[in-house]
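Both ligands and their constituent atoms are indexed starting at 1 by order of listing. The residues of the chain are indexed from 1 along the displayed sequence.
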Amino acid sequence: MSRTTARTATLLAGATLLAGALAGCGGGTTATPAAAEGPRIAFLVPSTSLRSMAYDVPNFSVELAHRCPTCVVDVRTAEDQAEQNAQGQEAIRDGAQAVVVVALDGAQAGDLVSAANSADVPVVAYDRLIKGSAIDYYVSFDGGAVGELGGRAILDAVGGDTAGGAIVMLQGDPADNNAGLFAAGAHSVLDGKVDVASERYVAGWSADQAAVEMRSALADLGGRRLLGVYTAYDGLAAGALQALTEAGLPGVPITGQDAETAALQRILAGTQTMTVYKDLPGQARATADLVADVLDGQDPQTTGTTDNGAGSVPTVLLQPQAVGKAQVQSRVLADGYTTVDALCAGAASRTCADAGISAGS
Ligand code: BGC
């Protein structure tokens, strides 16, 4: 079985997702075909993103099923852009009528986009912009606003007392266009207000690499106090916290992004200051609506356009929200984004109880 085929899982929209498919662990999982199989939509995601596997794949499948019950979502998970390009080309040969892509390296997806263009198959960049080639749509969050929320949280936590101190910034994967957008947003509020001792981009958004970067960033402080750590993602915050704990530096303000369950638990426990929360089901819904409209031959509703270097791409942009301790209950749980059972499992039950969060609260 080829590398590509081994990572392929064909899912009927709305069908239960199978664990093997989600883990991208090979074996090729195919759900029972529906009596009347409708259009196939390729959904190409990184195997390395917790978010894609835990949220985007199931959310998009469920949302598309609402609009197009016979649609088949063909999920393929890739480790790098070359593999994703090959998967997209294969999905198009297999008859995909639309391709929805969370790119690993948005500047290197040209082969995939040209194959789609030649076959007249629309390409939707999901969350991460594809640059330099002619894509049809882009659905994401306002990346500048994501960074601004984290930056503002650092300033709030630091207050006016910045003398003799500096912050560290851990940005995302340099191949992901979002990393640059988040960084620019954070700088727009932090620059001129607080010194930055060290700023590092973390390959693959990896928590382990974030710990490595944080350890060496501490050396860049050169005797200054560590005022705070801006990180562009909850996984990076986890890695940075590991390095801070090893260095005996508890209680440093630290930001994240994605409202991962582990981060919400840290926020309740007081070890992480905030996270940037995105309505991922809403993003999946917006994309499913857009894809269903396009398949129906209608013009989908968009909120603006984005210049991707190859043209002006019709875009749907959603707004992120800051979540600190006070908003875990009122925003994240109230939205049904996660459940008390998931948030308060195991060791977290104590922190939840201290924060007054319990089933039915
Ligand atoms: C997404 C974030 C996610 C990160 C790491 C970014 O492109 O916008 O939501 O945290 O990738 O997976």
Nearest to atom 6 (C) of ligand 1, what protein heavy atom do you find, and at what distance?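 Ranked first by proximity to atom 6 (C) of ligand 1 is D176 OD2, 3.3 Å.
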
Please state which protein non-hydrogen atom is closest to atom 3 (C) of ligand 1 and give its distance, to 0.1 Å? D258 OD2, 3.3 Å

Note: Y55, heavy atoms under 4.0 Å from ligand 1, region reported as neither

Quick check on contacts: which atoms of ligand 1 are under 4.0 angstrom from a heavy atom of [X]?
{"X": "S49", "value": "12 (O)"}
{"X": "N178", "value": "1 (C), 6 (C), 7 (O), 8 (O)"}
{"X": "Y233", "value": "10 (O)"}
{"X": "K278", "value": "1 (C), 2 (C), 8 (O), 9 (O)"}
{"X": "F182", "value": "8 (O)"}
{"X": "D127", "value": "1 (C), 6 (C), 7 (O), 8 (O)"}

Assess the pair F43 and Y126: is the distance between their ring centroids shorter than 6.0 Å? yes

So M274 and Q257, do their side chains get closer than 4.5 Å, heavy atoms only?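 Answer no - side chains too far apart.
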
Heavy-atom side-chain proximity of E213 to S198 below 4.5 angstrom: no

Salt-bridged, [X] to [Y], with N to O below 4.0 Å?
{"X": "R40", "Y": "D94", "value": "no"}
{"X": "D220", "Y": "R200", "value": "yes"}
{"X": "D74", "Y": "R76", "value": "yes"}
{"X": "E148", "Y": "R152", "value": "yes"}

Quick check against the 3.5 Å criterion: does R225 have a side-chain atom that pairs as donor or acceptor with the backbone of A163?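 Confirmed, R225 side chain pairs with A163 backbone.
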
F141 near ligand 1, heavy-atom distance under 4.0 Å?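 No, F141 has no heavy atoms under 4.0 Å from ligand 1.
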
Compare R128, R51, M53, Q283 and give the one whose heavy atom is closest to atom 12 (O) of ligand 1.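 Among R128, R51, M53, Q283, the closest heavy atom to atom 12 (O) of ligand 1 belongs to R128.
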
